[in-house]
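The structure presented is a predicted model; accordingly, all values stated were derived computationally and were not measured. Here is the naming used below: chain letters follow the sequence lines, and residue numbers restart at 1 for every chain.
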2 protein chains.
Amino acid sequence: MPTLPFDLPILSVFSSAGGADEGAAFADALFSLFMLFLAAKVGEEIFRRINQPGVIGELIGGFVVGPFALGLANVSVTAEVFAELGVVILLFTVGLEVRLDDLLKVGPMAVAVGSIGFILPIIAGMAIGLAIGEEALPAALMGLALAATSIGITSRVLSEMGVLDRAFSRVILGAAIVDDILALLAISILSGLAEGDLGVDTLLTLVAGVGFVGIGLALAPLGRRLPRKLFVWPRFADTPTVPVFIIMFAGALIATVVGLAAIIGAFVVGLFIAETPVREEVEHGFRPLLGIFAPFFFAVTGANIDMSALLQPDLLLIVIALSIMGVITKLVGGYLGSFRLGKWNAIVVGLGMSPRGEVGIVVSSLGLTLALISQEIYAVLLAAVIITTLVAPFTLQWSIPKAPRDERHGGEGAGAAA
Amino acid sequence: MPTLPFDLPILSVFSSAGGADEGAAFADALFSLFMLFLAAKVGEEIFRRINQPGVIGELIGGFVVGPFALGLANVSVTAEVFAELGVVILLFTVGLEVRLDDLLKVGPMAVAVGSIGFILPIIAGMAIGLAIGEEALPAALMGLALAATSIGITSRVLSEMGVLDRAFSRVILGAAIVDDILALLAISILSGLAEGDLGVDTLLTLVAGVGFVGIGLALAPLGRRLPRKLFVWPRFADTPTVPVFIIMFAGALIATVVGLAAIIGAFVVGLFIAETPVREEVEHGFRPLLGIFAPFFFAVTGANIDMSALLQPDLLLIVIALSIMGVITKLVGGYLGSFRLGKWNAIVVGLGMSPRGEVGIVVSSLGLTLALISQEIYAVLLAAVIITTLVAPFTLQWSIPKAPRDERHGGEGAGAAA
């Protein structure tokens with residue numbers, strides 16, 4: 001019998017069913033999950049004790065055990081699935097805490113923040129691209145990579161600080177939806193341009209994306225009329241947790257089918273469930289799920305950080321330029337779009353929109369696949385995406401206490417009362 | 001932009017990071033998880049409504065969407081990891097419901113049930129093997145494949161029927177531990193024989209296995225003295241759920257390191273936590289985790305069922321012979337070992353020990369790897385393992401109502417009062 005832990009044939013009913021390779025992959029995936037989870041929690045603990053954002057501790061924990069540092073954990077497909085479910089559950093629970101009426105109240109402001117904050121980074125990124133000698137299309141791609149916000153990190157910080165009921169939080173969440181729809185449109189236009197085929201498909205994509213969110217928001221008020229027993233009619237369901245988990249998972253998958261991010265689907269389902277009588281039960285039942293799944297999102301994000309582009313001085317300069325412009329353009333977008341909330345509240349909105357994520361990585365990968373950009377520019381874009389993400393928890397923790405509660409617009413009173 | 005859902009580049013921050021292949025694997029894993037979960041719940045619902053064991057519905061649901069039927073779900077490494085965590089969490093929560101004192105009270109009975117029920121199937125399986133013309137070592141391997149019980153299914157049925165506090169349940173759980181230690185020993189002897197290297201390693205393996213369980217059981221009473229704050233001291237922990245999840249996960253991994261099944265490690269950790277003041281909080285926090293993870297174990301088990309051996313008449317006869325002997329030998333072992341509980345209680349013990357699982361599959365795979373058995377015999381053994389497993393829920397549902405509460409031994413009173 002081998003003495004190494006991960007050659008043991010008895011590890012699992014499954015490990016050996018698929019042969020030695022699959023058995024090793026299984027054991028590696030299970031052990032990596034444990035290391036990522038443990039590292040995330042140790043990192044969070046350390047950062048909380050030095051009064052820094054816990055989420056940064058989780059990211060750094062994941063980085064430390066990940067393949068670009070100690071190499072104790074591999075980022076397998078399994079870890080990615082746990083991470084994705086983690087951020088899906090996170091955005092679902094954020095949706096649970098938002099009242100639809102409050103969200104619609106800040107609708108115009110969210111559209112302004114989302115749109116301005118989407119266009120400015122494209123212009124800035126394109127300018128930097130042209131300045132370093134890229135052609136128009138690659139330069140536009142560099143801008144687009146910096147255009148779309150990913151609110152996983154921001155949501156976690158807002159939730160951790162207990163400010164999800166504030167107007168700036170609702171503006172950020174609404175703007176993230178606008179942002180995601182614009183990204184959907186922009187990616188399909190870019191793909192069309194690059195493949196020389198821009199037409200009905202692009203329009204259909206947009207209609208599907210807007211339609212999904214629109215139908216979701218339109219259905220949400222109906223939730224108020226649904227009886228609790230609708231969620232617990234199955235015999236397998238003592239509580240609404242499992243049925244709602246299925247609905248959330250389905251919503252996330254359907255969102256990806258129409259081309260939106262899975263988290264937008266989960267968020268919209270969360271908005272819907274928030275209007276139903278099972279909201280509190282679901283919040284309660286999902287707390288352990290959030291506690292177990294969400295850390296994987298941050299740990300895996302951290303484990304994927306490859307800062308090799310920062311080691312080359314000439315590339316480092318471009319990274320710094322893109323990162324600074326990335327943060328400033330979102331700050332300006334947030335400020336201009338929501339200045340009626342008051343100076344500091346508007347600054348919080350802008351800083352909360354700073355983290356880029358999946359769309360930035362998707363656009364960069366697309367550029368690489370279409371041979372629009374080089375490997376160096378790809379690494380540069382990823383580094384800039386990561387930096388805009390890391391900046392948010394610190395700047396939010398600094399700016400939120402400065403933002404007065406008496407926001408002049410956006411229904412703060414209603415939000416606080418809810 | 002592609003219109004197929006699982007080519008969408010925007011699916012996830014992770015899907016595209018590792019290239020197109022990994023992106024496709026990620027999307028497939030996520031979609032397969034959804035299908036397996038949904039199928040398990042639909043299957044459970046149907047079976048509950050026709051008053052059959054819900055767990056059989058989950059197994060059949062998994063089979064129906066799995067690769068040997070509709071093919072809507074693949075059993076990826078990710079699905080296997082979810083399944084493994086599902087059965088680990090299941091056995092942990094079963095451990096939570098068992099009082100250590102009650103378990104130790106049935107200790108001698110559990111040793112008798114575990115030992116007799118381990119030896120008889122080896123003899124019977126070996127006899128069948130010799131009868132069909134196999135050599136001694138391959139025949140012994142066939143017997144060993146039918147020797148070890150896997151209590152995932154039985155635990156679920158006992159829990160579903162609300163009888164985990166009965167003496168027969170504790171005898172089954174105790175016997176499963178004995179059984180697993182014997183399997184550990186038998187596998188290491190078999191590997192040693194096949195590789196011509198039987199010595200100190202085999203002994204060390206046994207010492208490690210017994211030591212792990214022994215230390216776990218010895219530490220458990222100390223749990224009573226531990227204050228609640230020990231489980232919630234980390235700042236990341238509002239409740240004991242996340243710290244206890246880490247301890248459970250670690251226990252499961254350590255068990256595999258010493259050569260035991262992961263579920264035995266989780267069960268022992270559960271016994272320990274049951275003695276601490278956080279038991280009820282943990283039970284409460286783990287209920288949603290159990291609801292989300294456990295169905296994957298049953299659905300994946302169902303999805304892995306390949307009944308092709310049953311289509312060949314000559315093989316079918318061997319499968320039937322092995323299955324009947326498999327059930328009878330465990331029934332006799334349970335009956336002889338625990339007859340002092342009374343006739344029907346002892347029958348329940350025997351039927352509860354019937355399901356074979358990981359060890360049977362591990363032994364069969366080992367036999368295939370060592371070229372001791374043919375592909376046909378391998379398929380035959382897997383089919384027999386599956387049949388002994390499917391028999392248990394039906395026979396338990398039939399026999400448990402017949403078993404009187406006034407068991408003559410085993411501390412039923414104490415169990416019922418706890």
Examine whether an atom of Ala250(B) lies under 4.5 Å from a heavy atom of chain A, and if so say whether it belongs to the side chain, the backbone or both; otherwise answer neither.
both
Side chain from CB out, backbone as N, CA, C, O: work out which of these in Leu382(B) comes under 4.5 Å of a heavy atom of chain A, or both, or neither.
neither
From the list Leu36(B), Leu33(B), Asp28(B), side chain to side chain contact (heavy atoms under 4.5 Å, CB included) partner of Asn74(B) resolves to Asp28(B)
If one checks every heavy atom of Phe245(A) against chain B at 4.5 Å, the contacting part turns out to be side chain
Part of Phe236(B) within contact of chain A (heavy atom distance under 4.5 Å)
both
Residue set satisfying salt bridge (Lys or Arg N to Asp or Glu O under 4.0 Å) with Arg235(B), at least two apart, ordered chain then number -> none
Part of Ile254(A) within contact of chain B (heavy atom distance under 4.5 Å)
neither
Could you work out, with side chain to side chain donor-acceptor pair (under 3.5 Å) as the rule, every residue matching Arg49(B), not counting sequence neighbours?
Glu45(B)
Any chance you could lay out the side-chain contact (heavy atoms from CB on, under 4.5 Å) test for Ile151(A) and Thr149(A), step after step, and finish with the verdict?
CA-CA 6 Å; Ile151(A) 50 167; Thr149(A) 293; 3.8 Å; yes
Which residue out of Lys41(B), Glu44(B), Arg48(B) racks up the most heavy-atom pairs below 4.5 Å with chain A?
Lys41(B)
Would you mind reporting whether Ile292(A) and Phe37(A) have side-chain heavy atoms less than 4.5 Å apart?
yes
Contact origin within Phe286(B) toward chain A - heavy atom pairs under 4.5 Å:
neither
